[in-house]
Amino acid sequence: MSLDLRYGEVEEQLRASVRALLADHCAPAAVLAGLERSGAPDPRLWRLLAADLGLSGLAVPESLGGAGAGACELAVVLEELGRAAAPVPFLGTAGLAVAALTTCAEVPEAAELLARIAGGAVVALAVPFSTAPGSGLTATVAATGNVLAGPVTSVADALGADVLLVPAATGLQSGLYAVDAAAAGVRRTAVVSLDQTRPLCDLTLSAVPARPLALGATAARAVEAALVTGAALLASEQLGTAQWCLDATVEHLRTRRQFGRVVGSYQAIKHRLADLWVELAQGRAVARYAAACAAANDPDAPVAAALAQAHCSPLAVRAAEECVQLHGGIGFTWEHPAHVHLKRARSAALALGGAGRHRARLAELVDLPPS
Amino acid sequence: MSLDLRYGEVEEQLRASVRALLADHCAPAAVLAGLERSGAPDPRLWRLLAADLGLSGLAVPESLGGAGAGACELAVVLEELGRAAAPVPFLGTAGLAVAALTTCAEVPEAAELLARIAGGAVVALAVPFSTAPGSGLTATVAATGNVLAGPVTSVADALGADVLLVPAATGLQSGLYAVDAAAAGVRRTAVVSLDQTRPLCDLTLSAVPARPLALGATAARAVEAALVTGAALLASEQLGTAQWCLDATVEHLRTRRQFGRVVGSYQAIKHRLADLWVELAQGRAVARYAAACAAANDPDAPVAAALAQAHCSPLAVRAAEECVQLHGGIGFTWEHPAHVHLKRARSAALALGGAGRHRARLAELVDLPPS
Amino acid sequence: MDDTVTDGEVRRRVEEFLAGRPVPAPGDEDGRLAFLRARFDAGLAWVHYPVGLGGLAGPRELQPRADALFAAAGAPDNTPRRIGIGLGMAAPTILRHGTPEQHERFLRPLWTGEQIWCQLFSEPGAGSDLAAVATRAVRDGDGWLVSGQKVWTSMAHRARWGILLARTDADVPKHRGMTYFVCDMHAPGVEVRPLRQLTGEAEFNEVFLTDVRLGDELRLGEVGQGWAVAQTTLMNERVAIGGGPVPREGGLVGLLARTWREHPELRTPALHDELLRLWVRAEAVRLTGVRLRQQLAAGEPGPEGSAVKLSFATLAQQLSSLEVELLGEAGLRHDSWEFSRPDVVDFTGRGATYRYLRARGNSIEGGTSEILRNIIAERVLGLPAEPRVDLDLAWKDLPR
Amino acid sequence: MDDTVTDGEVRRRVEEFLAGRPVPAPGDEDGRLAFLRARFDAGLAWVHYPVGLGGLAGPRELQPRADALFAAAGAPDNTPRRIGIGLGMAAPTILRHGTPEQHERFLRPLWTGEQIWCQLFSEPGAGSDLAAVATRAVRDGDGWLVSGQKVWTSMAHRARWGILLARTDADVPKHRGMTYFVCDMHAPGVEVRPLRQLTGEAEFNEVFLTDVRLGDELRLGEVGQGWAVAQTTLMNERVAIGGGPVPREGGLVGLLARTWREHPELRTPALHDELLRLWVRAEAVRLTGVRLRQQLAAGEPGPEGSAVKLSFATLAQQLSSLEVELLGEAGLRHDSWEFSRPDVVDFTGRGATYRYLRARGNSIEGGTSEILRNIIAERVLGLPAEPRVDLDLAWKDLPR
């Protein structure tokens, strides 16, 4: 074990600048106000993050205009976005899309897209958000030559996207294609989503011209890279969710009084929060390990990503549920931000596979076969 | 739902007399002292229960010298035996053996054995104690004519048995045979058992003469009846274990002081015990339902037995684990009876299938198929 | 109790009533009201209530019998779910603590549903610790002036009356300084605002009271006795929440099991065992309820009642959570975030994600699961109470 | 700290030492002892201790380096697991609070293992609440007479000395009336009885003290300062329990995984998911430890340390429980109930049922899981303490 699981100095600086920006532009009240909008989130916050802080290209090579950083830095940004429940397409663009495109960066179109991302473009991988790593590429879109047709349901971060990365079947093999989201023949239907801060859409492509990025095994590898990296990074976002929920709950319980005593002084409450904190500390270790493996291209990366998801998905859900419960009535209201985190946590726990599928994947990876 | 899940007046009287006898002859100190003996438990307590109270034949028809009662009464006795962790072969004899013999009571040998049980004889079904209902009869003993040979491992209540009921394979079918435990060729090797109050033995039969009780489907039905009824009844014993553990823990915590306060006044402790009590109340309902179904020969009896095991096995384990934990250091010592219940609970949770196998059985019975 | 009121006697009276008064046509609202008023006057509204107040002073168990006979005849009912707070909480409190004038004035329109009631107990600072209510009622001539804020008030926007707990003396310990009132929801100074909950709906309201004038005839019980009067209300609330008998797979577990059976493509081995664990728990909770009802029917109430709401809340949360998990991609989608003001909670008419969200409230509303565990530990298991610092201090001196 | 003591300097000194003193043959007990004494005198016993007391006043991190060099040369060690209480708890306390005479007298034979130490803290009435010790020490001329009962004392039957917490003043609040002593385990009036635990073994003892006379030179720290002195011991106990780095599947999870891999016939789908959940938890706990050690090595201690013992206890219990469950029929059988007196716990050398039983103690010994949760909630999360009634009352007036 030589991977460093601590936060480095650069990461802490990155965290501080993201947190400051979110404090100014993504306070709970702003997120709550955003729920009344339907469709894609307000692009203003994305522009601030992507352009002003240059975060969209955090993991894009410097030669393409990015920051040349890696998964560890992305993970820290995602922790902060998770804390704020920020409605931005960061995971999809800077995480999944960049990971997919990096595997085929020798293709000029892919390199060009990476450069556009570094410039603030939103790019989404057109797969159902529930797709698990290791599940293979079963495209619902068909490619005829370089023309695509077919549906994809429940795509994340695509409503405001500039470009879509579409896995499509062509004869016996599959390919990964780039499609301009604004092209004629691309229909995006907003889905009423459980997590309103990451609204999904259903996609229908009708005779849409596309540029091929990869074919066959390369395409499968690109999609798998996106899903594995995405799962690893999502764990850090979930960690951020859990951390916000714990912090908010502790803060509330340190002042709320019932029966003449501060509620946080009751032992049953204390023990539940202590257990949650222990689980959160474990979540930090596994999320950091997943990010470090992804950054180092460590052969253990698939195990690390599955482990991180298996632990952090239920962690965030439990933290958010405790947050609602231990806030009492106020936590059950629309006006308190607890529910935003609850919905994000519950939703994220289904994203990119969910804990059950990741445990099953671990079973294969670490040789613990089912009966 | 017309089955009565309450305790009737007769059952409460029965409970009172069993409890009084156990208070006199099976106090915790006596059970602890018994652990220093190896092999079969002291037969004195069995004689008191079987002969003085007439409990061995509780479910034997009156025409054969029994009390003609049913599973509900057996269940109440088992609750009390569970509370006391009484080292007697009641479950095996009055529960499993009587259930098996009752299905073939038209065979004179079976009727005779039922009458002997009513007189206080100990009869054990020679299957591994972990055998689950519905698992089919895969006999390890071979019958050649009426002569048996072969091993059976981990048999409960057989060390002090007078007669063994042995499932044995004969050519293509199977049969159930009665064997005198004292016969030449019967070797019983005491097993170092996790639950010393129900010591197991390994059985080896070498050319032992036997009397056939049932063959083919009838034999399978007899064994299955024993296992289903046994599973239903074991739940009541487990309920008794859980009740003792909760009661002892509450009693301890109402007087034990730490940090100037009675430990039972700390909220974390209170909430754990409240949750345990809720689960115990549920355990009482399912155990009563299983007993009522068995008594009424209700078609729901297999579901009820599996349900009772699925709930009461983990209940007793959890109650015993909490009992050890919440007694603190003293609960970890040999001189305190908590460990006797812990070992019985942990062991009983593997007996007659265990919760996992009973859940899988429920899946079949209530049409919730696996993937 | 009048033991001449037997099953046969109730049947006779219902038949006689129906013979003399035709069932009104569906949609005939005036006819419906007249019918219900007459039924009340005939003592067939709640047979266990006193004669003259809608009852026959008979045994409570005969009421379902009367209801069934009226239902069989196609008679209109008083939409009991819609007026549950009046029937379940206000009525027994008024009956026990009210004056004859109050009985006369409130009970009939309450039962017929002409006047809807709401409950003005909880406040932002008084949730589990209800005795901490800060809403003040001060003497004003021959009446009272009430000011404060109440919360979690279902039906407040439709209610004619509210049962109200207010502080009338801040110089004594908190349990001794409260008085119980009937609040006129049409009085000036009563402002009702919908309180949107995390499902997007507003089942509840906030109620702002600003110098609301209530005559002394709206006081229920003695001044300073509000806590004792409120106990009657709360005891009846817990009884009301218990619910009726359900068949196997009758509740949320049935929805989950149906999804499982109908969608083989969603199944995984891990979810299978999870499903079975919850099926077992659901069936255990159900049988506990069956056993409890058998005990109650036999006049042997067991302490299991305290556990019913606690178990139900936990189970509803676990079942709906597993349902969302099982749905996978579909669990990422929701049915609607439209604002609405439902009169009753509809767990089955909406999707799994709605159930998941709404069920979070089950362990908060009507007594949190934490408080229920305290109650079980102290009242059932006999464990000692926490040290309390708020019982002897004057209300005004309590730390806030 | 002497910063001229570098890695190279330690290596030089060890090499010089080894050059001057041949490694004793295995089994040569006298040679072994002489060798260890000389190593102590050379300052290579614990390099972070002061010069003259077995150290070089160097950085603590260099000690493993010295140990490795000695081990590589085949030199005997002081069997650190066997004398853990002396090394881990008594020594740092003596060093910090002892007189020069006490340093001189106790530290060398402690380190070489000539004299084994035990800890006389817990009592039947003082477990989690250690400050409730009732063992009394009363002045007797120029010394003390000690009477009381201690419990959970490992190695008491082999120990030459014990670190003892006793009450010297019952008229002040409990934390202020204790004094810390070194107890002479060979003194008249010390009776050690094995305490059999639920595994059948006796790792621990009860120690009965009846008018045990201890000279005042055996007092450690000031009279009445026992609680403060004991804090040094306890802080070091927690550090000691943290444990070293383990590879993936290095602990109990490895035994469970091996059984799973080697016995396909025992597998069921439900157990599979259970196994995976625990595998995930075990790996998460392991990585938490890895991260913690990286932080400690970088001089940034995180609060995760408080969680390590808690997580380890829970995990050991769950893993061993699942192992028994997985074994099925074999889980009904045990290896042995023979009475024995092991010096150290052997989790891996025995069967699954032994592990299951022994692991129940993990959440009790050395700080219960309940106390650890209190500590995390109060010290890490900053939640307020419970109301306390025992802090200001004189010890003799406390309710018992």
Side-chain angles (χ1 to χ4, degrees), chain B residues 1-7 246-247 249-251 253-254 260-267 269-290 300 303-304 306-312 314-315 355-356 358-363 366-371, chain C residues 245-249 256-257 260-261 264-277 279-281 283-295 297-298 300 302-308 310-311 314 369-370 372-387:
Chain B
M1 169 76 52
S2 56
L3 295 173
D4 194 346
L5 306 186
R6 298 172 306 141
Y7 297 109
L246 177 62
D247 291 349
T249 306
V250 167
E251 198 184 312
L253 293 175
R254 283 167 72 172
R261 262 172 71 185
V262 173
V263 177
S265 75
Y266 288 99
Q267 201 193 34
I269 308 296
K270 284 159 84 165
H271 280 198
R272 278 158 65 174
L273 291 174
D275 283 338
L276 181 57
W277 179 83
V278 168
E279 220 172 286
L280 205 146
Q282 294 166 3
R284 178 160 291 110
V286 297
R288 287 271 86 194
Y289 181 63
D300 206 34
V303 169
L307 175 72
Q309 273 305 300
H311 184 87
C312 292
L315 164 65
H358 282 283
R359 284 198 300 273
R361 181 135 172 73
L362 274 176
V366 303
D367 183 29
L368 291 169
S371 48
Chain C
V246 282
R248 181 174 287 171
E249 291 195 10
L256 176 61
W260 182 270
R261 293 187 186 112
E265 77 282 4
L266 297 174
R267 301 175 192 161
T268 72
L271 289 170
H272 188 235
D273 197 51
E274 200 83 0
L275 169 77
L276 293 169
R277 282 175 196 268
W279 194 94
V280 165
R281 183 55 56 109
E283 185 64 4
V285 169
R286 189 183 73 83
L287 288 169
T288 309
V290 168
R291 184 163 187 272
L292 179 65
R293 270 183 293 275
Q294 290 178 347
Q295 288 178 306
E300 326 154 346
E304 282 84 355
S306 345
V308 170
L310 178 59
S311 308
T314 309
S369 291
E370 288 74 25
L372 292 174
R373 289 192 190 97
N374 285 351
I375 291 173
I376 292 170
E378 291 171 18
R379 300 202 198 149
V380 181
L381 297 178
L383 291 166
E386 297 268 330

Exercise. If you look at every heavy atom in B:Val278 and C:Ala307, which pair is closest and at what distance?
Worked result: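 The pair with the smallest heavy-atom distance is CG2-CB, 3.7 Å.
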Problem set entry | Shortest non-hydrogen separation from B:Ala355 to B:Pro314 and the atoms involved |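 Answer, listing the atom of B:Ala355 first, then B:Pro314: CB-CD, 3.9 Å.
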By a 4.5 Å heavy-atom criterion (distance strictly below it), what part of [X] contacts chain B: side chain, backbone, both, or neither?
X        : result
C:Pro264 : neither
C:Leu381 : both
C:Glu370 : both
C:Arg248 : side chain

From [X] atom [atom1] to [Y] atom [atom2], the distance as rounded to the nearest 0.5 Å:
X        : Y        : atom1 : atom2 : result
C:Arg267 : B:Leu368 : CZ    : CG    : 8.5 Å
B:Leu307 : B:His358 : CG    : NE2   : 11.0 Å
B:Gln309 : B:Arg359 : CD    : CZ    : 11.5 Å

Pick one of side chain, backbone, both or neither for [X], based on which atoms fall under 4.5 Å of a heavy atom in chain C.
X        : value
B:Asp4   : both
B:Arg288 : side chain
B:Val250 : both
B:Leu246 : side chain
B:Val303 : side chain

Exercise. Is there a donor-acceptor contact under 3.5 Å from the side chain of C:Trp260 to the main chain of B:Pro369?
Worked result: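 Side chain of C:Trp260 to backbone of B:Pro369: a pair is present.
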For this session: For C:Gln294 and B:Leu5, indicate whether the former's side chain and the latter's backbone hold a donor-acceptor pair under 3.5 Å.
Result: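 Pair found, side chain donor or acceptor close to backbone of B:Leu5.
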Out of [options], which one racks up the most heavy-atom pairs below 4.5 Å with chain B?
options                                : answer
C:Pro247, C:Gly382, C:Gly289           : C:Gly382
C:Gln295, C:Glu378, C:Arg277           : C:Arg277
C:Val285, C:Asp273, C:Thr314           : C:Asp273
C:Val280, C:Leu275, C:Thr268, C:Leu266 : C:Val280

For this session: In plain terms, say whether B:Glu251 and B:Arg254 are close enough for a salt bridge, that is, a side-chain N and a carboxylate O under 4.0 Å apart.
Result: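 The answer is no: the pair does not qualify as a salt bridge.
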For this session: Output yes when B:Glu279 and C:Arg281 qualify as a salt bridge under the 4.0 Å nitrogen-oxygen rule, no when they do not.
Result: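 A salt bridge links B:Glu279 with C:Arg281.
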Exercise. Looking at B:Asp275, B:Val262, B:Leu253, B:Val286, which makes the most heavy-atom pairs under 4.5 Å with chain C?
Worked result: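 Heavy-atom pairs under 4.5 Å are most numerous for B:Asp275.
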Exercise. Taking B:His271, B:His311, B:Lys270 one by one, which has the highest count of heavy-atom pairs under 4.5 Å against chain C?
Worked result: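 Most heavy-atom pairs within the cutoff with chain C belong to B:His271.
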Problem set entry | Partner set under side chain to side chain donor-acceptor pair (under 3.5 Å) for B:Ser265, not counting sequence neighbours |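 For B:Ser265, the residues satisfying side chain to side chain donor-acceptor pair (under 3.5 Å) (neighbours in sequence not counted) are B:Arg261.
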